[in-house]
2 protein chains.
Amino acid sequence: MKPVTLKEIAEQLNISVTTVSKALKDYPDISKKTKALVKELALTLNYRPNAFAVNLRTKESKTVGLIIPEIVHHFFSSVIKGIIAQAEKKGYLVIILQSNESYEMEKKQIQLLLSQRVDGILISLANGTADYNHLTDVIAQDKPLVMFDKIAKIVKCSKVIIDDRKAAYAATQHLIDTGCKRIAHFRGALLPQNSIDRFLGYKKALLDNNMLYDPSLVYICECGDNSFEEGKMNARQLLKDHNDVDGIFINTDLVAIGAITEFNEQGVKIPEDISIVGFSNWFMSSVISPTLTTIDQPGYQMGKAAFKQLYKEMQQLKNKEPIVYESIVLKTELVKRQSTKEILLGEV
Amino acid sequence: MKPVTLKEIAEQLNISVTTVSKALKDYPDISKKTKALVKELALTLNYRPNAFAVNLRTKESKTVGLIIPEIVHHFFSSVIKGIIAQAEKKGYLVIILQSNESYEMEKKQIQLLLSQRVDGILISLANGTADYNHLTDVIAQDKPLVMFDKIAKIVKCSKVIIDDRKAAYAATQHLIDTGCKRIAHFRGALLPQNSIDRFLGYKKALLDNNMLYDPSLVYICECGDNSFEEGKMNARQLLKDHNDVDGIFINTDLVAIGAITEFNEQGVKIPEDISIVGFSNWFMSSVISPTLTTIDQPGYQMGKAAFKQLYKEMQQLKNKEPIVYESIVLKTELVKRQSTKEILLGEV
DNA sequence: GTGGTTTTCGAAAACGTTTTCGTTTACGAG
DNA sequence: CTCGTAAACGAAAACGTTTTCGAAAACCAC
């Protein structure tokens with residue numbers, strides 16, 4: 001059972017392929033009668049245009065590529081969902097690739113997407129990515145590229161992000177407002193922009209409040225997988241190193257949950273002994289005990305916004321307009337829960 | 001900067017397109033010298049074959065479609081990861097569509113994938129899907145189709161599943177072995193095969209142990225979203241209806257976690273007052289307090305196995321061999337944690 | 001009946017490959 | 001020098017569309 005082609009329809013109706021094609025696309029120079037005939041037969045034969053042929057002609061694939069560091073991840077899977085939902089609305093399909101936080105992978109995958117002739121590419125960078133030639137290649141080919149969440153500031157293209165620095169500042173400020181005097185920070189890996197910005201927000205909040213910034217309170221983990229285990233390890237280390245810390249701002253909810261678990265096991269009371277603020281607002285954070293105060297990071301919204309921007313650029317390209325890059329900053333919000341104390345009114 | 005074509009390479013070298021194509025594919029009737037020349041130029045020009053043109057000629061897209069009810073879901077995102085990983089190994093790309101548990105969506109998406117001429121389709125059914133014509137259509141077109149997890153037993157195609165019934169039996173048996181005398185079941189929606197099978201396993205375990213099967217202890221939720229809220233609601237209802245229940249086997253971890261939260265809030269002690277077994281082994285289950293005893297459902301493995309089977313069928317199709325359907329059943333495992341008591345030796 | 005316009009249709013080229021089947025050239029054997 | 005063969009290359013068709021341009025047919029006004 002081979003798929004039906006225009007040619008077969010044409011032969012059955014004794015007209016030309018051209019006429020069939022035009023009839024299906026409602027060209028004005030085809031009579032109503034012929035159109036009706038063609039459309040009816042196309043329907044009964046269940047005709048579907050061959051996407052390859054269409055793409056070859058029109059040079060449009062109606063397909064975009066998405067490269068993401070990790071799929072099994074609440075935030076990223078929310079982003080994926082947002083992207084797919086928005087793409088579907090506009091009639092686009094999404095090819096998803098996972099870089100596994102590897103720069104080499106990322107490079108290969110970009111090449112793969114380019115040779116697939118996708119109309120545009122959405123990407124959230126791997127932690128290890130420090131060289132951006134593969135990205136500028138895309139832009140040089142006039143292919144729309146939108147980065148989201150884990151971006152490279154240097155690369156000239158549209159970006160959809162949150163203000164990590166501001167959010168981290170708010171998180172740290174909240175620890176201060178609730179009475180914490182000595183605040184540590186688990187920052188995860190060294191490299192990614194998010195880590196840097198969140199760290200800077202943390203630091204600035206301390207300084208703005210005339211508190212000491214102590215580098216030994218910043219825990220780096222070069223394993224770089226933002227894992228549960230990382231949280232446990234860091235928490236253990238913190239208890240050994242510093243017995244005076246009464247608050248921690250943690251880079252990622254998952255790490256925060258690891259820390260909470262470790263503290264629970266060691267009998268450290270949260271938030272009485274140590275207050276904790278996480279980052280991302282995974283679902284899990286509302287379920288763990290104590291529930292985790294955190295920064296809500298709108299993944300679904302980010303996915304939608306990223307595709308919308310990509311779509312806009314694809315349209316601009318089609319209309320031979322110049323592509324204008326935009327940086328879209330999405331709102332975050334502090335979600336107060338049990339892992340931090342009540343705000344002390346009047347004291348601060 | 002338009003992509004390089006065979007023609008351009010040919011013109012630069014003053015040879016024919018044919019020769020270029022053959023040289024790149026190492027045809028034996030091209031001299032070594034020419035091959036070297038062509039390959040070198042192709043490399044420096046960064047030539048990438050136009051996928052559309054290749055597909056149009058060869059009728060192979062090296063692309064498969066994946067339809068899944070929900071992306072933001074630990075189990076499903078694990079499956080996606082497994083599928084993508086395996087597909088990449090074999091040089092295939094994956095287009096992901098989300099049905100949102102809607103039958104209508106599912107139908108449309110199948111059509112979309114067919115008109116995109118994907119080489120095969122992987123699908124996990126929406127809860128609402130009860131009519132399978134869209135699936136038999138795919139098979140009738142000789143397009144390989146593999147169903148996983150949420151399947152329709154009636155449809156003749158390959159399937160990758162776990163033995164829900166056996167796993168549910170094991171879960172229930174574990175409650176019995178740890179001393180539970182009156183065991184309830186939260187089964188979620190009525191329709192999907194998984195729910196049915198898990199229910200049957202629960203029931204059989206009761207009967208095999210000479211325990212009463214009481215339909216009023218089976219909680220159905222037609223909201224069908226397997227949600228946290230569903231778990232809370234059911235738990236609340238259970239406390240009202242039956243004060244003698246001392247164990248619950250719950251269809252899904254997320255619902256179980258909802259129930260645990262509700263019980264925690266109401267001061268019901270787990271496992272002393274009520275023991276709970278969930279299903280899926282989400283990461284969250286190892287983190288909630290008390291940690292949740294559950295059935296481990298190997299999502300990543302399932303994804304890999306599903307793509308492998310699809311790949312096998314695509315090869316069979318290519319080689320004009322008959323396609324042989326297989327039903328692959330993956331192993332599950334009971335993960336014992338704090339939400340159930342220790343096994344009473346010698347008592348049962 | 002003529003000229004012009006409108007309506008309706010089709011031929012053909014193009015998109016970039018792959019592959020079949022010739023054709024040309026070179027070469028060695030007789 | 002001729003013939004046969006092998007090596008190296010190319011012309012052309014095909015995949016299924018879309019779109020440009022021209023042609024035929026039909027209609028209208030005079």
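Please read these numbers as outputs of a predicted model, since none were measured by experiment. All chains are named by letter (A, B, ...) in the order of the sequence lines, taking the proteins before the strands, and each is independently numbered beginning at 1.
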Euclidean distance, atom NZ of residue A/Lys32 to atom P of C/dT8 [Å, nearest integer]
9 Å
Below 4.5 Å, heavy atoms only, C-beta onward: do A/Glu8 and A/Leu45 meet side chain to side chain?
no
Rounded distance (Å) that lies between atom P of C/dT17 and atom CG of A/Asn50:
17 Å
Are B/Val160 and B/Leu330 close enough that some pair of their side-chain heavy atoms sits under 4.5 Å apart?
yes
Could you tell me whether the phosphate oxygens of D/dA11, OP1 or OP2, come under 4.0 Å of any side-chain nitrogen or oxygen in B/Ser16?
no
Nearest-Å distance, CD1 (A/Ile30) to P (C/dG10)?
8 Å
At less than 4.0 Å, is any side-chain N or O atom of B/Ser31 found next to OP1 or OP2 of D/dC9? Yes or no.
yes
Measure the distance from CG on B/Asp26 to C1' on D/dA8 and round it to the nearest whole Å.
15 Å
Is the shortest side-chain N/O distance from B/Lys7 to OP1 or OP2 of C/dT17 below 4.0 Å?
no
Would you say A/Thr19 places a side-chain N or O within less than 4.0 Å of OP1 or OP2 belonging to C/dG10?
yes
Taking salt bridge (Lys or Arg N to Asp or Glu O under 4.0 Å) as the definition, give me every residue that meets it alongside A/Lys59, ordered by chain and number, with sequence neighbours left out.
none
Mind calculating the distance between CG (B/Leu13) and P (D/dG10) to the nearest angstrom?
10 Å
Generate the contact string for nucleotides 18-28 of chain C. Rules: B means base contact, S means sugar-phosphate contact only, - means no protein heavy atom under 4.0 Å.
BBBB-------
Among all residues two or more places apart in sequence or in another chain, which pass the salt bridge (Lys or Arg N to Asp or Glu O under 4.0 Å) test with A/Lys35?
A/Asp26
Run through B/Val20, B/Ile15, B/Thr19, B/Thr18 and flag the one making a side-chain contact (heavy atoms from CB on, under 4.5 Å) with B/Ile30.
B/Thr19
Could you tell me the separation between the CD atom of B/Glu60 and the P atom of D/dA14, rounded to a whole number of Å?
22 Å
Side chain to side chain, B/Phe148 and B/Leu122, heavy atoms closer than 4.5 Å
yes
Could you check how far CZ of A/Phe52 sits from C1' of D/dG16, rounded to whole Å?
11 Å
C/dT17 C1' sits how many Å from A/Arg117 CZ, rounded?
11 Å
B/His73 vs B/Phe75 aromatic rings, parallel, tilted or perpendicular, using cut-offs 30° and 60°?
perpendicular
